[in-house]
Amino acid sequence: MIASILPSISPGTLLAGGITAAAASLWLLLPSGRSGAADRTARWLGWLLGIVALAGFLATGHRLGSVGEEAVFLTVALVAVISGAATVVSRSPVYAAIWFAMALAGVSGVLLVLGGQFLGVATIVVYAGAILVMFLFVLMLAQPAGLAPYDRVSTEPLLAAVAGAVLLGILSLSIGRLTAEPPACCLMGGTKAALLADSATTEPPAAAATGIDMLADNHVARLGGELFGRHLLAVEVAGVLLLAALIGSIAIVSRGAADAEPAAARRAVP
Amino acid sequence: MNALSPSTLLVLVPLLPLVGAILTVALGRVLGARAHLPAVAGIAAAFVVAVMLLFGMAREVGVGTTGHDHAAKPVEMVTTLWEWAVVGDAAAAGDAGSAAQLFSIPVALRLDPLTATLLVIITGVGLLVAIYSIGYMHGDPGYPRFFALVSAFVFSMSMLVAASNFLLVYVFWEAVGACSYLLIGFWFTKPEAAKAAKKAFLVNRIGDFGLAVATFLLWMTYGTLNFHDTTLADGTLMPGILGATRLADASAYVGGAVGTAICLLFLLAACGKSAQLPLHVWLPDAMEGPTPASSLIHAATMVTAGIYLVARTAPLFEACPGALTLVSIVGATTALVAALIGTVQNDLKRVLAYSTISQLGYMFASLGTGTLLGFTAAIFHLVTHAFFKALLFMGAGSVMHSMGGVIDMRRFGGLRRIMPITAATFLVGSLALAGVAPFAGFFSKDEILASLHSRGWPDAHGEHLEAAPAGGHANAAATFHLAFHTASVTPDAAQLAGGARGSALDALNTPATWRILFWMSLVTAALTAFYTFRAVFMTFTGPTRVPEEAGHHAHESPPSMTIPLVILAALSAVSGWWLFSTHSLASFLASTPSFTAPSVASTATPPAFHWDLAIQGTLAAAIGIVVAALGHLGRRSDGPQMERFLGPLETLFANRFFFDQIYSALIVKPLELIATLAALIDRRVIDGLVDAIARVPAGLGTVVRHLQSGLMQRYALAGVIGTLLIVLALVARAMG
Amino acid sequence: MNLLANTVAPSALVIDGLVVGAILFALGLVGILARRNLIVMFLCAELMLQGISVSLVSWSRHHGDWGGHVLVIFVLTVAACEAAVALVFVLQAFARTGRLDSAAWQSLRESNLPRTIDRELPAIDTVPPKFPKLAPAGVEPAADEDALHEREHV
C-alpha cells in the first residue's frame with residue numbers, strides 16, 4: 001500500500017535509501033558525547049531518519065496472504081526492530097536491557113508467526129525470564145551511580161554504522177536474489193511448477209512437498225521427538241556445556257573475589 | 001757435470017735457504033745463541049750449489065773458448081716443477097682453436113747466464129752477510145727472527161731471479177718486499193723503524209701496482225706469462241714472451257702505445273723496488289733496519305731487482321725506444337740528484353743509502369741505452385756494486401757496532417787507529433765506489449760511461465753500430481777511440497734503438513739527450529768520489545774522537561765481522577779488473593736469451609777499453625777526492641765546512657730536494673683532504689640517504705601504529721570491515 | 001516493483017522473516033562495535049543471536065524441516081552459557097577497574113603508544129533534584145544503656 005504511493009521509485013533505490021537512512025539514523029542516535037540541545041536535536045533527527053528507513057523497508061515489502069496476518073507480522077516485526085534499535089542506542093544500560101526485553105517480545109512474536117510456537121515461548125521464558133534478569137542483577141551489582149562517561153560516548157559510531165549498513169545491504173541483496181533464482185535444494189521433492197503455484201500462499205511449500213507439517217497439532221511433541229531422537233547426543237553435550245559454564249562461573253567468581261580484594265581500593269569512579 | 005742434474009741443483013738453490021728459514025723458525029728458541037746455524041748452513045749450501053751452476057753454465061756457454069765476434073746463441077734451461085694453476089681444459093681450448101687463451105701458471109725455474117750470475121751474487125753476499133750478522137746481531141732478542149728473515153729473503157730473491165714466469169716474478173717481487181718490510185721494521189718497537197717500514201711498504205706498493213698491471217697487459221697482449229716456450233698438451237708450441245721462438249723474430253714484440261705502456265709500467269715497478277726517482281724516498285729511511293739487512297737487501301740484492309727486471313725484459317723495451325730512453329733519463333737524473341743529496345748527509349748509513357740510489361741510477365742509465373754493452377755494463381756494475389756497497393755497509397755497521405750505535409759522522413773521527421781492518425776495507429770499498437783505477441767500480445763505471453757515450457756520439461762508435469743490422473759482425477779493430485771530437489747529429493738516430501714504431505716518448509731519443517745524460521753521469525762520478533771520501537775522511541781521519549755512547553771499550557769488531565769485510569774488500573779490489581780483462585762476464589751474459597734478441601744482439605760491440613772515457617772518469621774521481629780532502633782531511637769532522645762551501649744550496653741538499661715535503665704537499669695532504677671530504681660525504685650524504693630511507697618505514701609505522709590502539713572495539717571493527725570487504729569482493733565477482 | 005516477491009521459491013513470509021533477522025543482526029553488530037558499556041555490548045550480542053534465531057526459523061519453515069528449530073534451541077543454550085560466563089567476567093572486570101568500560105583494557109596496544117583517553121565530556125545539563133526542606137522531626141532519643149547491655153547478652 002505504501003508502495004503504491006511511491007510508484008515511480010524502483011525497489012533497489014528504495015532499499016538503498018532505506019539502508020542509508022538507517023545508517024545515518026544509527027549514527028545520529030548512538031551516544032556521541034554531545035549534550036544539551038545538540039544531543040536532543042541529533043536524537044530527534046535520528047528517530048526521524050529511522051522512521052524514514054523503516055518506511056523505505058516497508059515500501060519494498062510485499063503482501064502476505066491476508067491483511068490480518070500482515071498486520072500481525074508487521075506489528076511484531078516493528079516492535080522487534082524498533083526495540084532492537086533502542087537497545088543499541090540507549091544511553092543507560094538499564095534502559096537498554098528493558099528495550100532488549102521488548103525486542104525479545106517482538107522476536108518471539110515473529111517466531112510465532114513463522115510457526116515456531118515452542119521457540120516463541122521459550123525465548124520469552126529463557127531470555128526475558130532468566131538471561132535478562134541475570135543482566136539486570138549484574139547491572140545492579142556493577143553499574144555506578146548516574147550516567148557513566150563511557151555510556152555517553154561510542155567507539156567510531158560512523159564507521160560502525162556504515163559497516164552495519166553494508167552488512168545489511170549485502171544480506172538484502174542476497175535475500176533478494178533468493179527470490180529470483182531458487183536454489184537447487186528448494187526444488188527437491190517437488191516440481192518447479194508446484195513450487196511456483198504455491199509462491200503466493202502462506203503455506204510453506206517445502207512442508208507441503210515433504211509432508212512434514214510444522215503448523216500441525218502436536219507441534220511441541222514433534223519438536224521434542226526430533227530433539228530427543230535425532231539430536232539426543234547434541235542435547236547431552238549441551239547439558240554438559242551448561243554444567244561446565246555453571247561450574248566455570250562459580251570458579252571464576254570465587255577466585256576472582258580473592259584477587260580483586262587489593263584492587264578494591266582502586267574502585268573509584270573516574 | 002756431476003751426479004746431480006742441473007735442474008735438481010737449480011731447485012736446491014732456493015730450497016736450501018727456505019729449509020734454513022723454516023728450521024730457524026722452528027728451532028730458534030731451542031738453538032738460542034746458535035740460531036744462526038740453520039740459516040748460515042742453508043745459505044752456504046745454496047752458495048756452493050749456485051757456484052756449481054755458474055761453472056756448469058759457463059761451460060755450456062763456452063766462455064773463453066769461442067770468439068766474441070759471432071752472435072751468441074741463447075742458453076737456457078727450464079725446469080717446470082708443477083702446474084700451479086690451470087684454468088680451462090687444454091683439450092677444450094684446443095678444440096675452440098684458442099690454445100693461446102689457456103691460462104696456466106707453471107712453477108718453472110730457469111737457468112741462464114743472467115740468473116746464474118745473480119744467484120751467485122745473492123747467495124754469496126747473503127752468506128757473507130749472514131756470517132757478519134753472527135757478530136753484529138749477537139745478543140739481540142730477535143736473533144733467530146733475523147736469521148729466519150735473511151734466509152727467507154735469500155729464498156725469495158733466488159726465486160725472483162730464477163722464476164720463468166711473470167706471475168711468479170710478481171709473487172716473489174712481493175715476497176722480497178715483505179722480507180724487506182720485516183727487516184726494516186726489525187726493531188719494531190722503535191717508532192722510526194716502524195714508520196720507515198711502513199713508508200717503504202707503501203712506496204713499494206706503487207711500483208708493485210705497476211708490475212701487476214704490466215703483467216695483466218702482458219697476458220692480454222701475448223696470451224701467456226711464461227718466459228720460455230711451452231708445448232701444450234695437444235702438441236702445439238706456445239711461444240713464451242722471452243722464449244726462443246719469439247726472440248728469433250725481430251717483429252714479435254709489440255711496440256706502440258701498448259708496448260710503451262707495458263714498458264713504462266715495468267719502469268714504474270723498477271723505480272719502486274730500486275728506489276729511483278720519484279719513488280726513491282723509502283730507501284734512505286730504510287736504514288733504520290739492522291745494518292746487515294741494509295747491506296744485503298738495500299744495497300746488494302733486492303734493490304737490484306728493478307735492474308734485473310728491465311734487463312730480463314730487454315726485448316720488450318727494445319720495441320719501445322722512447323721508454324728505453326726514459327729509463328736512462330730516470331736513471332741519470334736519480335744518480336745526479338741522489339749524489340747531490342749524499343754530499344751533505346752526516347749520517348754514514350744515509351750517505352751510503354744515497355750512494356746506493358745513485359749507483360742504481362747509473363745502472364738504469366746504462367740499461368736505457370738499449371745496447372748489449374749497456375745491458376752487460378749494468379749487470380757488471382750490479383755485481384761490482386754488490387761487492388763494494390755490501391762492503392761499505394758492513395764497514396759502516398762495524399763502525400756503528402763499536403761506537404755504541406752512533407752513526408753520525410760528526411761525532412767521531414780518526415777511527416783508523418781504533419779499528420784498522422774496518423778502516424782499510426772501507427777505504428778499499430770507497431776507492432771502488434769512487435771509480436779509482438784498479439778497483440772494481442772503475443771498470444764497471446767505465447763501461448756504463450762507454451755505453452752512454454756510444455749513444456751520444458754514435459759516430460765515434462759508428463763502425464760497429466752501422467754494421468749492426470748484419471748481426472754484429474763488425475771487425476774488432478777499433479779498440480781505441482778519441483771521443484773529444486764533435487759528431488753531427490744523425491737525423492735518424494731514433495732508429496738506432498731498432499724497430500721504432502712510434503710513441504710520443506721517442507722524441508726524447510736524440511743524441512743530444514744522450515750527451516746530457518753522459519755529462520750528468522760524469523758529474524755524478526765526481527760527486528760520488530767526493531761524498532765517499534768525505535765520509536772516509538770524516539770517519540777515519542783527523543783527531544781521534546769517540547762518542548760517549550761507545551764507552552771505554554771502543555775496539556775493532558770480532559772476526560766474524562771482519563772476515564766478510566776482508567773477503568769483500570778483496571773482491572772489490574780485483575773482481576772488476578778480472579771480469580773486465582777476461583771479458584768473461586760480458587760474453588757470458590750475452591748468451592742470456594733476453595740479450596740474444598736481434599734488437600739487442602745487433603748492437604754488440606767488441607770488447608774495448610775506452611781510454612778517453614777512463615781518463616775522464618778518473619779525472620772526475622780525482623777532482624771529487626781532492627775536494628773532499630781539502631774540506632775534510634785531517635780536520636775535526638764536526639766543522640761547518642759543507643755549509644760554508646755550498647751556501648744556500650746546502651739547505652736544498654740537506655732537505656733532500658724537499659722530496660718528502662713535496663710528496664706530503666702534493667699527495668698526502670690532498671689525499672687527506674679528499675679523505676676528509678669523502679668521510680664528510682659518507683657521513684652526511686650517504687648516511688643521510690640511508691637514514692632517510694630507513695625513516696620511510698619508520699614513518700609509515702608511526703602512521704599505521706595508531707591503528708594498534710589496544711581498543712578491542714577498533715580491532716573488532718577492523719575485522720568486520722575486512723570481512724565485509726572480502727564478502728563484497730565475492731559478491732561483486734558472483735554478480736559480475 | 002516488488003524486489004522480493006516475484007516467482008519466489010521461498011514464501012513471502014520466509015523472506016520477511018529473513019529480512020527481520022538480517023536487520024536485527026546488523027543492529028546488534030553496530031551496537032557491539034560502537035557501544036562502550038560491556039553489558040550493553042553483551043545485550044547487542046544477544047540481539048545478534050536473536051536475528052540468527054529468526055533467520056533459522058525462517059529457513060526451517062522454508063524447508064519444512066525441524067533443523068532450524070533444533071538449532072535455535074542450542075543457540076538458546078549456548079547463549080545462556082555465554083551470558084553466565086561473560087557476566088562473571090564483567091563482574092570481575094568491574095571489580096578490578098570500577099568501570100564497565102571496554103576501553104579500560106588497552107594493554108594490547110603498541111608499546112610506545114600513549115593510552116587512549118576520552119576527551120573531556122561536557123557536563124550533563126540535568127537539573128539537580130530539589131528535595132523538599134522538611135522541618136526537623138524531633139530529637140535523637142538517648143540510648144538506653146541497659147537495653148544495649150541486655151541485647152549484647154541475648
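In what follows, chains are A, B, ... by sequence order, proteins preceding strands, each numbered from 1. In what follows, every heavy atom counts, from backbone to side chain, and hydrogens, waters and symmetry copies are set aside. These numbers come from a predicted model, not from an experiment.
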Go through the steps to decide whether A:Arg91 and A:Asp151 satisfy the test salt bridge (charged side-chain N to carboxylate O under 4.0 Å, His left out), and finish with yes or no. CA-CA 6 Å; A:Arg91 265 57 165 173; A:Asp151 280 329; over 6 Å; no

Report which part of [X] has an atom under 4.5 Å of a heavy atom belonging to chain A: side chain, backbone, both, or neither.
X       : answer
C:Glu82 : neither
C:Phe89 : side chain
C:Leu49 : side chain
C:Val40 : side chain
C:Leu29 : side chain
C:Ala86 : neither

When [options] are compared by non-hydrogen pairs under 4.5 Å with chain A, the top option:
options                            : value
C:Val90, C:Leu91, C:Leu87          : C:Leu87
C:Val78, C:Leu38, C:Ile32, C:Leu76 : C:Leu76
C:Cys81, C:Gly31, C:Ala26          : C:Cys81
C:Val72, C:Val70, C:Leu24          : C:Val70
C:Thr77, C:Val85, C:Leu43, C:Ile73 : C:Leu43

Could you have a look at [options] and say which one has the most heavy-atom pairs with chain C under 4.5 angstrom?
options                                : value
A:Leu159, A:Val237, A:Leu246, A:Val235 : A:Val235
A:Ile19, A:Val107, A:Leu104, A:Leu223  : A:Leu223
A:Ala234, A:Ala97, A:Gly248, A:Ala165  : A:Ala234

Assess whether atom CZ of A:Arg230 is packed by more than 12 heavy atoms of other residues, nucleotides or ligands within 6.0 Å. no

Derivation and outcome, side-chain contact (heavy atoms from CB on, under 4.5 Å), residues C:Ile23 and A:Phe57: CA-CA 10 Å; C:Ile23 291 173; A:Phe57 269 100; 4.2 Å; yes

Sub-4.5 Å side-chain heavy-atom contact between A:Val88 and A:Trp99: no

Residue pair C:Arg36, A:Val153: steps toward the side-chain contact (heavy atoms from CB on, under 4.5 Å) verdict: CA-CA 7 Å; C:Arg36 289 269 293 273; A:Val153 290; 3.3 Å; yes

The reported gap from CD in C:Gln50 to CG in C:Leu27 (rounded to nearest 0.5 angstrom) is 12.5 Å

Gap separating the NE2 atom of C:His69 from the NE2 atom of A:His219, nearest 0.5 angstrom: 5.5 Å

Give the ring-plane orientation class for A:Phe135 versus C:Phe42, where under 30° counts as parallel, over 60° as perpendicular and anything between as tilted. tilted

